Amino acid sequence: MPLPSFSELSAALRRKFRPRLFTLPRSTYSQGQLVTDSLAGVTVALIALPLALALAVASIPAGIATPLPVPAIGIFTAIIGGFLVSFFGGSRVQISGPTAAFVTVILLIIDKHGYDGLLLATIMAGAMLVLMGLSGLGTLIKFIPYPVTSGFTTGIAIAIIVGQVPGFIGLPAEATPPREFFEKLPWLFAHLPGLNWRTLLVAAISATLIFLWPRYAARFRAERLPAPIVAIVVAAGLVVLLNWQESAGVATIGSLFGPDALPRELPPLTWPEISLSRIGELMGPAITIALLGAIESLLSAVVADGLANDRHDSNTELVAQGLANLVCPFFGGIPVTGAIARTSANVKAGARTPIAGLVHALTLLLIVLFLAPFAQYVPIGAIAAVLIFVALRMGNWRELARLRKMPRSDALVLLTTCSLTVVFDLVVAVEVGILLAGVLFIKRMAETTEISRVTAHDELETPEQVAHGKPIPEGVVVYRIFGPFFFGAAEKMETALLSSGAPPPRILILRMQLVPAMDATALNALESIVERMQASGGQVVLSGPHRQPLEMMRRAGFLEKLGRANIRPHFDAALTRANELLR
């Protein structure tokens, strides 16, 4: 087989990778839309600023050696990742950056492999995402069952809320909580007497502002001003005004990370240590980052499609997310994925093209270059309040409330993935969740595939297929297989054929006109039935098999074993063949 030419490869690449920025119709893009996109980008940047800051602080424990200050890592990740995804992405309005979904994964990887290990795992995940997009796997990610993704997100939300309680109530920075969930809860209760009531007050005021601001912003004509920005600015002003950072020990960005927590310059290039042994150690975490990033990004893109009346390109979006995760670690950044809340805010602010995402990244860069010194006054309690609200919004609490109304299998999968995420970690939860997704798929396929006996009273098909009024000779038994014939349904077929207890018939007709596809396990079951029938002197006749099952049988040499004369295009021909065999 000749190797594809360069032109063929480039044509295939163009089919899989088509950034939306380069497909915008220039003739219809007006100056007014440019202004609207730009304003939307500025609005989203104001939303992304406190979130990126908070997510970095929550993801990277104090005392960990990092190539640049921890708060700056979140901001520069949002700048670089957000720009690359908007430039190369397959959605017109997707906004990407650090998200809460990665907090527990990052903490786990840093704990086991250090920050350098996180950088390498993110690069590996980026390469995986690019390969997934170029190989056309973007559409397959959507088929991960909803109970699995719902369990992930709810488990992550619970873990984030519990993890932010020490910062919310003002426990000292040196009081490091244990990583195990069941150890963390008793630890929190034991350390409650050591809380800082001023930090708790600042956090409570921040939470109240975040909750109430959307309701009352219109009175101040400040609807575009995001609630997290208002909460952080008010909390920082309160701490500075009352001098609580110095006199009351209220923790701030400056007290934990120094006055230059946001440097007024671009981050330096960072090269993680790369070796085959480290790649092997980090393969599991990298797969977790890639899968979680793909799921979050495509879910966010689907939400954006509904809001913007658009249709994203899944494979292009995965390539863009992969490029962002490949590049960000070289500047000290953490994993990047699509952010549902920021993307929704982008669309609601009027964005219709990727220009808004580019402006969002440039606005964040300008804020860092000109307003960086003010970041040191942001209280940790206010950051904890912002993250707790993010977690409350991302958790699928309604699904937990209606568990009793779900099918038992779905409820079990949701609870299992949620519990594993909280009690152990997301790496374990992803591995088990994907396994459960496969088992759930097998169960669903087996349930949808029906195998039933056909009699002369059936009248549900076309004239040449209908069995009604057509006598079935004595010694002939007919079964219909309805639905995909995969390994989940193979055992069901053998059970149906062998459970009657009667001796094998002389002729067995299997009607397959309603089987669109089959797999190797089902073919093996079919071979066993043919061998059993032939050993007892009987024959099997297949009626109306489709192209895919026929091609699989041909490649496996099954047609010769069965006899090509025993494959008939429809039921009438199968009955004629059965009469010939009986004679």
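A quick note: this is a predicted structure, and the numbers were derived from the prediction, not measured.
Using modelled atom types, one side-chain atom of Thr154 and one backbone atom of Asn396 make a donor-acceptor pair closer than 3.5 Å. Ser300 places no side-chain N or O within 3.5 Å of a backbone atom of Ser297 that could act as its donor or acceptor partner. Side chain of Ser59 to main chain of Ala56: no donor-acceptor pair is present (N/O by atom type, distance under 3.5 Å, no hydrogens or angles). The backbone N or O of Gly284 lies less than 3.5 Å from a partner atom in the side chain of Thr288, making a donor-acceptor pair.
Residues Thr343 and Gln94 bring a donor and an acceptor atom of their side chains to less than 3.5 Å of each other. No side-chain N or O of Thr337 forms a donor-acceptor pair with one of Thr99 less than 3.5 Å apart. Under the 3.5 Å distance criterion, with hydrogens and angles disregarded, a donor-acceptor pair is assigned to the side chains of Ser96 and Gln321.
Contact between Leu209 and Val230 at its shortest, heavy atoms only, is CD1-O, 4.4 Å. For the residue pair Ala294 and Met132, the shortest heavy atom distance occurs at CB-CE, 4.1 Å. Taking every heavy atom of both residues into account, Val413 and Pro147 meet most closely at CG1-CB, 4.0 Å. Listed here is the closest heavy atom pair of Ala345 and Ile47: CB-CD1, 3.5 Å. Residue Ser150 comes nearest to Glu399 through the heavy atom pair OG-CG, 3.6 Å, listed as atom of the first residue, atom of the second, then distance. Closest of all the heavy-atom pairs between Gly381 and Thr199 is CA-CG2, 4.3 Å.
For the pair His360 and Asn346, the minimum side-chain heavy-atom distance is 4.5 Å or more. Between Ile210 and Phe389, some side-chain heavy-atom pair lies under the 4.5 Å cut-off. Using a 4.5 Å heavy-atom threshold, the side chains of Ile95 and Ser344 count as separate. Taking 4.5 Å as the limit, every side-chain heavy atom of Val390 sits out of range of all side-chain heavy atoms of Ile160. Within the 4.5 Å cutoff, no side-chain heavy atoms of Val130 are placed close to those of Leu318. Counting only heavy atoms from C-beta outward, the side chains of His191 and Trp187 approach each other to under 4.5 Å. Put simply, the side chain of Ile334 does not reach to within 4.5 Å of the side chain of Phe102, judged on heavy atoms. Annotation: side chain of Ile340 is not in contact with side chain of Met394 (no heavy-atom distance under 4.5 Å).
Once rounded to the nearest 0.5 Å, the distance linking CD1 of Ile380 with CD1 of Ile253 reads 4.0 Å. For the atom pair Ile161 CD1 and Leu392 CG, the distance stands at 4.0 Å (nearest 0.5 Å). The structure places CG of Leu403 at 5.0 Å from CG of Leu415, a figure rounded to the nearest 0.5 Å. A distance of 4.5 Å separates CG of Leu68 from CD1 of Ile73, quoted to the nearest 0.5 Å. Going from atom OH of Tyr115 over to atom CD1 of Ile64 covers 10.5 Å, rounded to the nearest 0.5 Å. Atom CD1 in Ile388 sits 6.5 Å away from atom CD in Gln164 (nearest 0.5 Å).
The only option from Leu55, Val103, Leu51 that meets the side-chain contact (heavy atoms from CB on, under 4.5 Å) definition with Pro98 turns out to be Leu55. Partner of Arg20 under the side-chain hydrogen bond (donor to acceptor under 3.5 Å, both in side chains) criterion, chosen from Thr316, Asp310, Thr353, Asp313: Asp310.
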Report task. Dump the intermediate steps for side-chain contact (heavy atoms from CB on, under 4.5 Å) on Leu200 and Phe168, then the final yes or no. Result -> CA-CA 6 Å; Leu200 179 59; Phe168 192 91; 3.8 Å; yes
Query raised in the report: When you look at Val162 and Leu188, which way does the side-chain contact (heavy atoms from CB on, under 4.5 Å) test go after all the steps?
Result: CA-CA 9 Å; Val162 174; Leu188 285 173; 4.2 Å; yes
Report task. Please step through side-chain contact (heavy atoms from CB on, under 4.5 Å) for the pair His312 and Arg92, ending with a clear verdict. Result -> CA-CA 7 Å; His312 73 280; Arg92 287 194 290 124; over 6 Å; no
Query raised in the report: Do Val432 and Thr417 pass the side-chain contact (heavy atoms from CB on, under 4.5 Å) test, and can you show the C-alpha distance, the side-chain angles, and the key distance before you say yes or no?
Result: CA-CA 7 Å; Val432 176; Thr417 51; 5.8 Å; no
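A salt bridge does not link Arg311 to Asp305: none of the charged side-chain nitrogens sits closer than 4.0 Å to a carboxylate oxygen.
Counting non-hydrogen atoms of other residues, nucleotides and ligands closer than 6.0 Å to CH2 of Trp397 gives a total above 12. No more than 12 heavy atoms of other residues, nucleotides or ligands sit less than 6.0 Å from atom CG of Leu276.
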Contacts table for residues 116-129: side-chain donor-acceptor under 3.5 angstrom, sequence neighbours left out:
residue : atom : partner : partner atom : Å
Asp116  : OD1  : Glu273  : N            : 3.4
Asp116  : OD2  : Glu273  : N            : 3.1
Asp116  : OD2  : Arg278  : NH2          : 3.1
Thr122  : OG1  : Leu118  : O            : 2.8

